[in-house]
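Since the structure comes first, as structure tokens, the remarks are kept for the end.
Side-chain atoms are counted along with the backbone in the values below, which use heavy atoms only and exclude waters and symmetry mates.
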Amino acid sequence: MVDVVSKCGQVGRMGRTETNINWSLLGAARFVLAIIVLTSHLSYFQGNALTRLVEMLDSKAAVLGFLVISGFSVTSSFDRRHDGFLKRRLLRIYPAYIFAIAISIALQIGVGPYHANGIFFEGSGWIEVVGNILLLQMYAVKALNFNPVLWSLSIEVSYYLLLHVLGRPDPRLMFIAIAVSIVYFVLPHDLSGSKAYQAFEKLNMVRCLWPFLIGVALSRYPSTKLYLSAAVLGTAATLLSDWTPYPLQFVTYLLTIAAIYVAQRGWFRQSIVMDRLGDISYPLYLVHIPTGIFLAAVLGITSPLIITFSAIALASFVAFVIEKPFRDALVKLGSFRIQRERSIA
């Protein structure tokens with residue numbers, strides 16, 4: 001790693017051809033990660049042998065993969081154009097995010113407390129609702145109980161702010177931050193310990209920082225040695241941490257690193273199909289649990305296949321009926337320029 005750090009400045013100056021990056025492939029990778037998260041949550045309603053097999057890939061490892069791709073892609077956008085970076089990101093996040101919050105609130109009002117298979121969904125108070133709208137979950141309030149995956153959005157936005165404030169720091173400082181975050185990530189997640197340790201263990205911004213920064217580093221310093229270091233460090237972290245307990249968590253992480261490596265070198269053709277899969281990956285992440293709750297609690301449908309395809313259908317509606325017209329309208333108003341930015345959002 002020391003050798004990698006010493007060469008970062010040189011590699012960064014060498015640069016790369018942005019237009020060669022295969023964003024389609026990263027879009028497909030994001031869709032696969034969203035499917036892993038969705039499938040892992042199907043056990044809330046009705047699992048089967050296939051869902052239990054996919055669950056071994058670990059939904060939290062998939063979130064780590066999202067964050068690596070996010071760090072890679074938003075850094076590409078930020079380095080290309082600093083001005084308006086936060087505005088672009090928030091405009092990208094909020095349409096689908098507000099829709100997800102709206103259907104979650106509608107469900108908690110219409111369904112009320114709901115006992116699923118091994119999990120209890122109860123209503124969130126209005127303070128928590130407002131806190132989630134303001135992206136304060138995991139800091140000031142909890143994520144909405146009817147849509148617990150929202151926890152990661154506030155964390156990711158925090159990293160956007162960090163990137164905006166720090167800009168392009170010394171790479172050595174960035175690798176120190178990665179090391180500190182990984183050490184925190186592998187600490188025992190023991191909620192039965194002292195109250196001080198319990199409070200210390202809730203710093204999710206620190207726990208999940210390392211994959212985002214690895215994505216930043218891969219975007220700016222694309223050397224093969226750095227990719228190998230990222231693969232080894234991330235694999236060790238996911239294997240050692242009880243935050244990612246499933247046995248194939250390292251596979252999910254390594255596939256993400258491999259996808260970025262291939263995409264950055266522009267291998268394979270761009271694909272409209274992969275682009276569209278990437279377009280629906282963020283809404284799919286946001287709406288799959290509310291979709292499952294609605295089908296199970298309201299219609300009595302718990303089939304994993306029906307829940308999966310229904311969530312994909314709703315995500316497609318959000319992507320192409322809500323998000324795309326919203327962005328197109330902003331383009332016409334001259335207040336937003338479309339960027340190929342790929343992340344959780």
Side-chain angles (χ1 to χ4, degrees), residues 1-36 57 61-81 85 92 156 159 163 168-169 171 174-175 178 210-238 249-282 338-345:
M1 178 61 78
V2 174
D3 182 56
V4 173
V5 174
S6 68
K7 295 182 179 179
C8 278
Q10 177 184 353
V11 176
R13 286 191 296 272
M14 289 170 60
R16 64 190 184 282
T17 305
E18 295 283 352
T19 55
N20 288 341
I21 297 177
N22 190 339
W23 293 111
S24 294
L25 181 60
L26 290 184
R30 291 167 59 238
F31 179 78
V32 171
L33 294 172
I35 288 294
I36 291 173
L57 293 168
V63 172
L64 298 180
F66 273 127
L67 289 172
V68 179
I69 295 176
S70 174
F72 177 86
S73 60
V74 300
T75 299
S76 176
S77 170
F78 178 79
D79 289 348
R80 210 165 44 236
R81 186 163 70 104
F85 169 72
R92 173 69 181 94
E156 187 175 3
Y159 299 154
L163 182 63
R168 197 180 187 101
M174 185 162 58
F175 283 107
I178 289 173
W210 64 270
F212 183 85
L213 290 182
I214 281 177
V216 173
L218 294 178
S219 177
R220 288 176 172 170
Y221 316 113
S223 71
T224 299
K225 286 186 177 180
L226 183 58
Y227 270 95
L228 290 174
S229 298
V232 171
L233 284 174
T235 298
T238 55
Q249 75 287 76
F250 69 97
V251 174
T252 302
Y253 175 79
L254 286 176
L255 287 176
T256 303
I257 296 296
I260 296 175
Y261 182 85
V262 171
Q264 192 170 43
R265 278 144 186 80
W267 296 352
F268 305 113
R269 293 182 178 180
Q270 303 276 348
S271 164
I272 189 66
V273 173
M274 292 194 293
D275 282 339
R276 295 298 169 261
L277 292 177
D279 288 338
I280 69 174
S281 60
Y282 170 53
I338 293 294
Q339 301 283 331
R340 272 202 173 278
E341 301 172 4
R342 308 297 190 191
S343 61
I344 278 186

So how far is it from [X] [atom1] to [Y] [atom2], rounded to the nearest 0.5 Å?
X: L25; Y: F268; atom1: CG; atom2: CZ; value: 7.5 Å
X: L213; Y: L163; atom1: CG; atom2: CG; value: 9.0 Å
X: I257; Y: S229; atom1: CD1; atom2: OG; value: 11.0 Å
X: L255; Y: F250; atom1: CG; atom2: CZ; value: 9.5 Å
X: L218; Y: T75; atom1: CG; atom2: OG1; value: 9.5 Å
X: S24; Y: I272; atom1: OG; atom2: CD1; value: 7.5 Å

Can you name the nearest heavy-atom pair linking [X] to [Y], along with the distance?
X: R220; Y: P169; result: NH1-CD, 3.9 Å
X: L33; Y: I69; result: CD1-CD1, 4.0 Å
X: I36; Y: A62; result: CG2-CB, 4.0 Å
X: L26; Y: A263; result: CG-CB, 3.7 Å

Please list, chain by chain and in numerical order, all residues satisfying ring pair (Phe, Tyr, Trp, His ring centres under 6.0 Å) with Y227, sequence neighbours excluded.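 Once residues adjacent in sequence are excluded, the partners of Y227 under the ring pair (Phe, Tyr, Trp, His ring centres under 6.0 Å) criterion are Y261.
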Between T238 (side chain) and G234 (backbone), is there a donor-acceptor pair under 3.5 Å?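 Confirmed, T238 side chain pairs with G234 backbone.
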Side chain of Q270, backbone of I21: donor and acceptor closer than 3.5 Å?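 Yes: the side chain of Q270 pairs with the backbone of I21.
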Would you please say whether a donor-acceptor pair under 3.5 Å links the side chains of S76 and R80?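 Yes.
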So M174 and Y221, side chain to side chain contact (heavy atoms under 4.5 Å, CB included) or not? Walk me through it. CA-CA 12 Å; M174 185 162 58; Y221 316 113; 3.6 Å; yes
Please step through side chain to side chain contact (heavy atoms under 4.5 Å, CB included) for the pair F31 and I280, ending with a clear verdict. CA-CA 7 Å; F31 179 78; I280 69 174; 3.7 Å; yes
Measure the acute angle between the ring planes of W210 and Y253, then classify it against the limits of 30° and 60° as parallel, tilted or perpendicular.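 W210 vs Y253 ring planes: tilted.
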Are side-chain heavy atoms of [X] and [Y] found at a separation under 4.5 Å?
X: K225; Y: L228; result: no
X: F85; Y: V74; result: yes
X: Y282; Y: R30; result: yes

Let me see the working for F175 and L226 under side chain to side chain contact (heavy atoms under 4.5 Å, CB included), right down to the final yes or no. CA-CA 11 Å; F175 283 107; L226 183 58; 3.4 Å; yes
side-chain hydrogen bond (donor to acceptor under 3.5 Å, both in side chains) partners for Y159, two or more places apart: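 Once residues adjacent in sequence are excluded, Y159 has no partner under the side-chain hydrogen bond (donor to acceptor under 3.5 Å, both in side chains) criterion.
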